[in-house]
Amino acid sequence: MENEIRGVIFDWAGTTVDFGCFAPLKVFTEIFKNKGIDITIEEARAPMGMLKIDHVRAILSTPRISQLWSEKFGRGYSEGDVEELYSDFEPSLMKILPNYTDILDGILPLCKELRERGIKIGSTTGYTKEMMKVVAAGAAKQGYAPDCLVTAEDVGCGRPHPFMIYRNMQNLGIYPPKCIIKVGDTVSDIKEGTNAGVWSVGVIIGSSEMGLTRDEYSQLTDEQKMVLCRKITKTYFDAGADYVINNMAELPALIDEINKGQVPYLLLTPGPLTTTKTVKQAMLRDWCTWDSDYNNIIQKLRADLVSLATANSQNYTAVLMQGSGTFSVESVIGTAVPNNGKLLVLTNGAYGDRIASIAETLKIQTIVQDSGETSLPDLSELEKILIASPDITHVAVVHCETTTGMLNDIEAIGKIVKEFKKIFIVDAMSSFGGIPMDIFNLKIDYLISSSNKCIQGVPGFGFAIANKLELEKCKGNARSLSLDLYDQWKGMENGNGKWRYTSPTHVVKAFCQALKELEVEGGVEARFRRYTDNQKTLAEGMTNLKFMPLLEPHMQSPIITSFCYPKGNNFTFLEFYNFIKDKGYVIYPGKISKAETFRIGNIGNVHKNDILGLLAAIEDFLNKQ
């Protein structure tokens with residue numbers, strides 16, 4: 001494999017030697033005590049992993065110690081103070097360092113296995129060259145000697161900068177970064193790995209983050225060990241770790257997992273889609289559905305969704321529904337349309353057809369205006385149908401029809417629907433959160449979307465943002481118990497966020513994190529710009545490679561794009577798909593019936609460089625034909 005693991009870079013103290021990383025702690029506390037300032041072990045340990053002079057500077061920069069320094073000396077600390085403290089630190093550490101070179105359990109058999117696999121071993125450290133002469137000599141006597149040792153002095157700066165890892169890569173002759181795993185026991189180690197673009201792995205037992213001696217750790221109960229390991233795991237993931245292992249014995253299996261491609265590839269699909277690491281990390285905690293803390297989260301989430309949908313939030317409410325987006329579509333159709341109602345469905349793809357199928361299954365009177373798979377709805381035809389069938393009560397349309405990537409003009413459709421005083425239902429499954437809209441201005445009564453689309457959460461629930469006045473009329477309408485949108489709404493309203501049936505708690509927390517990340521990105525407008533830039537880059541690049549878009553530009557959404565098979569060669573989609581997948585990209589087959597196409601999405605945690613990487617992989621495929 002192109003990205004098979006060929007190198008592992010270890011930290012030293014707390015990772016391969018010195019269980020608990022205790023060597024520097026005593027010295028840090030002593031040099032500050034000599035200045036009349038008592039620091040705690042936790043304060044001394046917090047910057048662990050940094051170059052030691054940077055470590056001194058980091059301790060001085062903490063608010064409590066900085067204040068104590070000012071009170072003691074009548075001024076803030078200076079760089080001269082940093083250098084003076086460090087000048088006391090280094091000789092004191094050198095005296096005791098030989099006593100802290102014992103290698104950790106499992107290191108020797110692990111190194112033997114790595115070398116048998118042809119995997120090279122590098123190392124980085126927060127120690128200086130002189131310190132490492134002592135540590136490396138002590139470890140070598142016990143049989144541990146990596147193939148490469150780099151200190152901050154070799155590259156000009158320490159962690160969390162990535163340059164020690166880069167020098168290891170250079171010396172070991174390994175590239176690209178995804179062929180390397182960095183293993184460490186501090187937040188600085190994790191950030192060093194993520195900044196270098198390698199796999200960043202935190203190790204728990206024996207780590208500085210654990211901060212216990214072997215004896216102290218062995219005396220913990222199983223419950224205490226579990227709680228401590230969970231805490232450290234969260235710390236590593238919060239710092240950006242790709243993986244966390246309990247001990248070194250778990251590393252070979254992790255290498256196998258990465259080499260087998262069981263790590264996430266880039267999903268270039270309209271959802272489920274590629275999520276951020278932090279969205280996935282949000283699912284690490286368990287929640288009780290009856291607890292007020294969780295229910296308060298639900299209430300805030302509902303309010304946030306309404307605010308995202310319209311500036312006139314007082315007129316709307318959000319109802320969350322378990323299951324895929326289709327469950328929420330069915331809950332709206334089956335609840336909003338009364339027994340004597342009649343539904344008009346505007347369809348130009350599989351998802352519009354699905355709305356019609358739902359209505360017909362529920363025995364709702366239904367008229368279908370089918371525009372074909374590659375045409376926008378004819379608005380004059382819509383008016384004719386509404387005139388000819390005045391008993392129509394509801395009109396439904398898909399905003400972004402991901403069958404092709406077509407974007408329907410819901411503003412123009414909504415205007416006509418409201419001129420005829422009908423209830424307007426919009427399936428915005430693949431557009432809400434990624435395309436700017438205000439549902440009040442668009443005259444939408446029910447907007448439906450899902451947790452795993454443009455807001456970039458994970459699959460598990462959908463939601464409807466509904467006009468309160470219309471939803472109030474729906475009591476008793478539902479044709480299903482579990483998909484009763486009205487009862488679900490009343491349950492959440494009266495129960496302060498309580499779901500009628502089991503809530504997808506982990507998915508909800510991931511979605512809340514995704515909403516925060518949407519805000520940090522700059523909101524829907526900023527995300528729309530990114531998606532639009534992705535789509536433009538994709539369409540231009542694919543055209544240059546002789547793959548023509550199915551739709552005309554004025555019909556095209558920034559969500560997903562359909563491309564026609566190239567003419568004049570022996571192109572097969574399965575061969576193309578497998579080649580691209582091996583390169584780390586997953587795309588969609590075509591869904592329309594009248595042309596041979598495939599689809600590429602560009603929503604989710606996907607950026608322009610990802611699209612450029614995909615285009616390079618496709619060009620590589622063509623060159624090999």
Side-chain angles (χ1 to χ4, degrees), residues 3-18 21 23 48-52 54 97 100-104 106-186 188-203 206-208 242-243 245 248 251-252 254-255 258-259:
N3 285 338
E4 190 171 76
I5 299 301
R6 291 185 279 120
V8 176
I9 299 174
F10 293 112
D11 172 53
W12 283 82
T15 302
T16 53
V17 301
D18 186 10
C21 194
M48 200 67 80
M50 290 182 171
L51 184 64
K52 294 303 173 266
D54 292 337
L97 206 49
Y100 292 89
T101 63
D102 287 349
I103 59 175
L104 271 63
I107 293 297
L108 294 183
L110 172 63
C111 290
K112 181 175 183 292
E113 180 172 349
L114 293 177
R115 289 190 166 114
E116 287 173 351
R117 293 186 179 203
I119 296 173
K120 296 178 180 179
I121 301 170
S123 63
T124 65
T125 181
Y127 286 148
T128 65
K129 270 185 175 295
E130 287 302 309
M131 295 171 191
M132 280 312 305
K133 286 179 182 178
V134 176
V135 175
K141 288 179 182 178
Q142 302 165 73
Y144 174 60
D147 302 314
C148 181
L149 167 57
V150 179
T151 70
E153 292 162 280
D154 295 318
V155 297
C157 61
R159 299 168 181 144
H161 297 290
F163 303 114
M164 287 191 287
I165 290 179
Y166 291 161
R167 183 62 60 85
N168 269 272
M169 292 168 61
Q170 184 180 35
N171 292 347
L172 297 173
I174 302 175
Y175 184 85
K178 285 303 182 185
C179 293
I180 291 176
I181 294 175
K182 165 67 200 298
V183 184
D185 68 298
T186 67
S188 293
D189 283 301
I190 299 303
K191 291 182 177 179
E192 178 189 30
T194 57
N195 288 339
V198 301
W199 298 106
S200 192
V201 177
V203 63
S207 67
S208 176
D242 294 296
Y243 294 97
I245 56 177
M248 290 301 179
L251 188 60
L254 175 58
I255 292 172
I258 293 173
N259 285 345

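We're numbering straight along the sequence, starting at 1.
With values rounded to the nearest 0.5 angstrom, K191 atom NZ is found 11.0 Å from S200 atom OG. Distance CD1/I5 to CG/L114: 11.0 Å, rounded to 0.5 Å. With rounding to the nearest 0.5 angstrom, the CD1 atom of I103 is 13.5 Å from the NZ atom of K141. Taking CZ of R6 as the reference point, atom CZ of R117 lies at 15.0 Å (rounded to 0.5 Å). We find the OG1-CD1 distance between T124 and I9 to be 7.0 Å, quoted to the nearest 0.5 Å. Atom CG of residue L172 and atom CD1 of residue I165 lie 11.5 Å apart, to the nearest 0.5 angstrom.
Judged by distance alone, with hydrogens and angles left aside, the side-chain atoms of D185 form a donor-acceptor pair with the main-chain N or O of S208 at under 3.5 Å. Between the side chain of Q142 and the backbone N or O of T101 there is at least one donor-acceptor pair closer than 3.5 Å. K120 places no side-chain N or O within 3.5 Å of a backbone atom of G118 that could act as its donor or acceptor partner.
The minimum heavy-atom distance between Y127 and L97, with the atom names listed, is OH-CD1, 3.7 Å. Across all their heavy atoms, K178 and V198 have their closest contact at NZ-O, 3.9 Å. Residues I107 and T15 come closest through the heavy atom pair CD1-O, 3.9 Å. Contact detail for P146 and S123: the closest heavy-atom pair is CG-OG, 3.7 Å. Scanning both residues, P252 and E113, for their nearest heavy atoms gives CB-OE2, 3.4 Å. Summarising the geometry of D11 relative to T16, their closest heavy-atom pair is O-OG1, 3.1 Å, with the distance given to 0.1 Å.
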Walk me through whether V155 and H161 qualify under side chain to side chain contact (heavy atoms under 4.5 Å, CB included). CA-CA 10 Å; V155 297; H161 297 290; over 6 Å; no
Stepwise side chain to side chain contact (heavy atoms under 4.5 Å, CB included) test for I181 and I258: CA-CA 10 Å; I181 294 175; I258 293 173; 4.0 Å; yes
Just do the side chain to side chain contact (heavy atoms under 4.5 Å, CB included) check on W199 and L254 with the steps written out, would you? CA-CA 11 Å; W199 298 106; L254 175 58; over 6 Å; no
Check the pair V8, I255 against side chain to side chain contact (heavy atoms under 4.5 Å, CB included), reporting the backbone distance first and the verdict last. CA-CA 10 Å; V8 176; I255 292 172; 4.2 Å; yes
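Considering only heavy atoms from C-beta on, M248 stays 4.5 Å or farther from L104 through its side chain.
For the ring-ring contact (aromatic ring centres under 6.0 Å, His included) test, residues two or more places apart in sequence or in another chain that qualify with Y144 are W12. Residues passing the side-chain contact (heavy atoms from CB on, under 4.5 Å) test with D154, sequence neighbours excluded: K129, V150, T151, R167.
Taking a cutoff of 4.0 Å between a charged side-chain nitrogen and a carboxylate oxygen, D147 and R115 qualify as a salt bridge.
Of the listed residues (N195, T186, D54, D189), just one forms a side chain to side chain donor-acceptor pair (under 3.5 Å) with R159, and that residue is D189.
Taking the six-membered ring where the residue is Trp, F163 and Y166 present perpendicular rings, their angle passing 60° and hence far from 30°.
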